[in-house]
Number of protein chains: 4
Amino acid sequence: MANIASEEKIARRKAEILAASIEVFSSQGFHKAGIADIAKQLNIGHGTIYRYFKNKRDIFNAILADLLGQMAEIVMQEPPTTDSLDEYAGQLQRIADGLLAIFNRDPRLARIAFYESLGVDPEATESVEHLLSVFAQFTEQYMKNGIEKGFLRSTMNSRVAANLVTAMLVETIKKVAAKDITDDQEIEAWRQEMIQFMIGGLGR
Amino acid sequence: MANIASEEKIARRKAEILAASIEVFSSQGFHKAGIADIAKQLNIGHGTIYRYFKNKRDIFNAILADLLGQMAEIVMQEPPTTDSLDEYAGQLQRIADGLLAIFNRDPRLARIAFYESLGVDPEATESVEHLLSVFAQFTEQYMKNGIEKGFLRSTMNSRVAANLVTAMLVETIKKVAAKDITDDQEIEAWRQEMIQFMIGGLGR
Amino acid sequence: MANIASEEKIARRKAEILAASIEVFSSQGFHKAGIADIAKQLNIGHGTIYRYFKNKRDIFNAILADLLGQMAEIVMQEPPTTDSLDEYAGQLQRIADGLLAIFNRDPRLARIAFYESLGVDPEATESVEHLLSVFAQFTEQYMKNGIEKGFLRSTMNSRVAANLVTAMLVETIKKVAAKDITDDQEIEAWRQEMIQFMIGGLGR
Amino acid sequence: MANIASEEKIARRKAEILAASIEVFSSQGFHKAGIADIAKQLNIGHGTIYRYFKNKRDIFNAILADLLGQMAEIVMQEPPTTDSLDEYAGQLQRIADGLLAIFNRDPRLARIAFYESLGVDPEATESVEHLLSVFAQFTEQYMKNGIEKGFLRSTMNSRVAANLVTAMLVETIKKVAAKDITDDQEIEAWRQEMIQFMIGGLGR
DNA sequence: TATGAATGAGCCTTCATTCAT
DNA sequence: TATGAATGAAGGCTCATTCAT
């Protein structure tokens, strides 16, 4: 019982540190950010942080892993077995909405996942790339399903297309999370155009 | 006269340092790379580097500026005044080919522009983002021209679409520059699918 | 009454902590050893240790004091009033046996007294040196007694000789406590040679 | 040529750092001593020290290695082939004098070799123990030679005796290097008694 | 112009010790 | 009495940058 309470407390502390770290890492960048900055934000001694995380990198990894986990969950929810272009568009919409919601809730995470993670460490970069590649593999299944059922272009190179779709989605996330888009109408414009573009391209 | 010769010499030295820096930054990453590593590669004293560049960041900026300049030139060559979808597709193709050629010649530049630059410094990130935004603005002109002349989808949000096209292009560059694609056939697949996707989307 | 019981309990706890500390200090060395390591070995909170000892050094001092006390007792038992070389040799033998018994029982104590104590602190070094000097002073009394009674060499500088005897004894203890001598026969060889050497030197 | 000058300069700097380190390590102890303390003594930046030594331990090791090398040289000079007790005594005397000279020149080295080295690191301890064991092995050869030639006691366990002689020598060094003996007469007393004791023991 | 020795800001990390519970 | 969460002094080490030669 005491153990459960303690574990909860530890989890809460860890979460606090992660929250402060998200702020510090996203605003200062991983390298410029100091453990002391994180501690100062929480009004705790900097030694305390080392009771919860092995080192600075460990904190960053935890943030990243948590975020990537959330993103993965969104994608995994959608089975790659739609039966029409409309259905597929709806599915794309749901995935986009799910991911956008994460970064809309906390735009600083986009900075961490798509910018900072690239300067920390080959391993961190790899984590992100890996998730995107998994996402692309999922998407490829959607494509293959669509081609088979006849509602997607048969000339498509599904693997390449899947990567392009992923890139568009990431771009949308980055733009939505950027400070220059706080307008809901603007977000809506991105959402819609992305889907339309994916489905029908630029042509008339 | 002596001045010209001297200036040439300086320019050559600068170029040598930049070349070595591309190697070092792309293989070790900006933060892990040391000025000494660059100097060692050139067999010069590391103090010498500071006679040609103000500091480490300055070297990185120079690499980036040069690269971004090359990229800009490719884009600027194409006037946003095509008259048909085919013509536009051809233009897209040429731009893509031009950019791909740069990174095909030296794939390490992709690492620097699209990975390292994001972890160095807000300013470096900004440089890249700025070029891409300029690129997107150009692209937007193409779109507007196409919509006006009736060969592009009129429901399009040209600004958003331009950004998405940019993202796809960058993704293609990253993939082509990645070591996992050395196959020319594979490159061709990316080039073609990107254009097809842009023009006609995924739908049948 | 409760007080007595309590005191006993305290003493027992202290003893437990000392026992664990002997293990930790002798195996890891004073500086590398952490208070937490000692606590872990006892399955108690590391804060608890500070209820019984003022600090890390205090623990070490207690171990040392206890050990040095035991050693002193052995020596004190022998009156410096033997009447012949044989008697004196026997006395030396008893002292050596007494001391060797202590370290044979727990060889880790040799590590603590003759190795670790020297790297901890000037004060700790001083404690050991002090005991050895007391021991030497005792020995000097034996010598003077022997010279007076005519069974020890009259040319002897008794103070210096006493120190040399002490050094030989300590060396024997160190070797016996070292892991490389587990053989009883080997221990016997040291004991005998030390006494023979002391009495008659190396000469024929 | 420039290289030679440079190497010399480097060697001088290294020597300066070692000299300062001997002072700092012997007075404060290895663990309490800080790199900054050494740098302060030399009025140089502490970063400079790292241009000449890999780390703090490396400095200590260099001091120790140098000292142990000097000691080894003294011993190696004496061939284990004396022909009489007197000759052997003379040889012992020379070795003792040689070693004592080292520590008389700089008594702080005794602190480092016989005290500090034991608290730094198992490896450092090992270095010293190793030299002493080599010394003892040499001594054993002297003993065996003496026994064979009949001028040393045939009942002797030469290995054990060699270790005891080593211990006496080290004890003499420690005492001579200790501050309490600055008196030359006192040093002489130790030298003589050690030899007499070794040769003839305590007995009359 | 080239060099590389010197510098010291800066930062991560450890761990003995304290103290509220 | 026992605990272990919190603390922060302390220090080793790196490396971009400077500058005397």
Side-chain angles (χ1 to χ4, degrees), chain A residues 2 5-6 9-10 12-13 17 30-40 42-59, chain B residues 6 9-10 13 30-40 42-59, chain C residues 6 9-10 13 30-40 42-60, chain D residues 2 5-6 9-10 12-13 17 31-40 42-59:
Chain A
S6 171
K9 225 174 161 182
I10 288 176
R12 212 177 315 139
R13 222 5 164 199
I17 293 171
F30 179 82
H31 284 100
K32 225 205 128 197
I35 290 291
D37 297 319
I38 298 169
K40 205 171 297 167
L42 292 170
N43 272 323
I44 63 174
H46 65 269
T48 305
I49 290 175
Y50 286 88
R51 292 185 50 76
Y52 297 90
F53 294 93
K54 223 176 92 239
N55 53 35
K56 192 179 164 184
R57 269 257 333 264
D58 193 32
I59 301 174
Chain B
S6 169
K9 222 174 158 186
I10 288 177
R13 225 355 168 211
F30 179 81
H31 283 101
K32 226 205 130 197
I35 289 291
D37 297 320
I38 297 169
K40 202 172 299 166
L42 293 170
N43 272 324
I44 62 173
H46 64 271
T48 305
I49 290 175
Y50 285 87
R51 299 193 54 75
Y52 296 90
F53 294 94
K54 222 179 90 230
N55 54 35
K56 192 178 166 186
R57 268 267 327 272
D58 193 31
I59 300 173
Chain C
S6 168
K9 222 174 158 186
I10 288 177
R13 212 24 153 192
F30 179 80
H31 283 101
K32 227 206 127 195
I35 289 291
D37 296 320
I38 299 169
K40 204 173 296 170
L42 292 169
N43 272 324
I44 63 174
H46 65 269
T48 306
I49 290 176
Y50 284 87
R51 300 192 55 76
Y52 296 91
F53 294 93
K54 219 177 92 233
N55 54 35
K56 191 178 166 186
R57 271 263 329 272
D58 194 30
I59 299 173
F60 191 85
Chain D
S6 168
K9 223 175 163 184
I10 287 176
R12 210 178 317 138
R13 223 0 166 201
I17 292 171
H31 283 100
K32 225 205 131 199
I35 290 291
D37 297 320
I38 298 169
K40 207 172 295 168
L42 292 169
N43 270 327
I44 62 173
H46 65 268
T48 304
I49 291 175
Y50 286 90
R51 290 184 53 75
Y52 297 90
F53 294 94
K54 223 177 88 239
N55 54 35
K56 192 179 165 185
R57 270 257 333 265
D58 193 31
I59 300 174

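All values reported here derive from a predicted model rather than from experimental measurement.
Taking the 5' to 3' direction, DNA chain E first and last meets chain C under 4.0 angstrom from a heavy atom at E:dA16 to E:dT18.
Between A:Phe30 and C:Tyr50, it is A:Phe30 whose nearest contact on DNA chain E lies nearer the 5' terminus.
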Can you pull every protein N or O that's under 3.5 Å from an N or O on nucleotides 7-10 of chain F?
residue: F:dT7; atom: OP2; partner: A:Gly45; partner atom: N; Å: 2.8
residue: F:dT7; atom: OP2; partner: A:Thr48; partner atom: OG1; Å: 2.5
residue: F:dG8; atom: N7; partner: A:Gly47; partner atom: N; Å: 3.4
residue: F:dA9; atom: N6; partner: A:His46; partner atom: NE2; Å: 3.0

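For B:Tyr52 and F:dA16, the OH to C1' distance is 19 Å, given to the nearest whole Å.
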Please tabulate, for the side chains in residues 30-38 of chain A, all donor-acceptor contacts under 3.5 angstrom to protein atoms that are two or more places apart in sequence or on a different chain.
residue: A:His31; atom: ND1; partner: B:His31; partner atom: ND1; Å: 3.1
residue: A:Asp37; atom: OD2; partner: A:Gly34; partner atom: N; Å: 2.9

Please list, one pair per line, the donor and acceptor atoms closer than 3.5 Å that link side chains of residues 42-52 of chain D to other protein atoms, with sequence neighbours excluded.
residue: D:Thr48; atom: OG1; partner: D:Gly45; partner atom: O; Å: 3.2

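Residues of residues 31-40 of chain C that place a heavy atom closer than 4.0 Å to DNA chain F do not occur.
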* According to the Watson-Crick and G-U wobble definition with distances under 3.5 Å, which dot-bracket string, read 5' to 3', encodes DNA chain F, using [ ] for crossing pairs and | for pairs with another strand? -> .||||||||||||||||||||
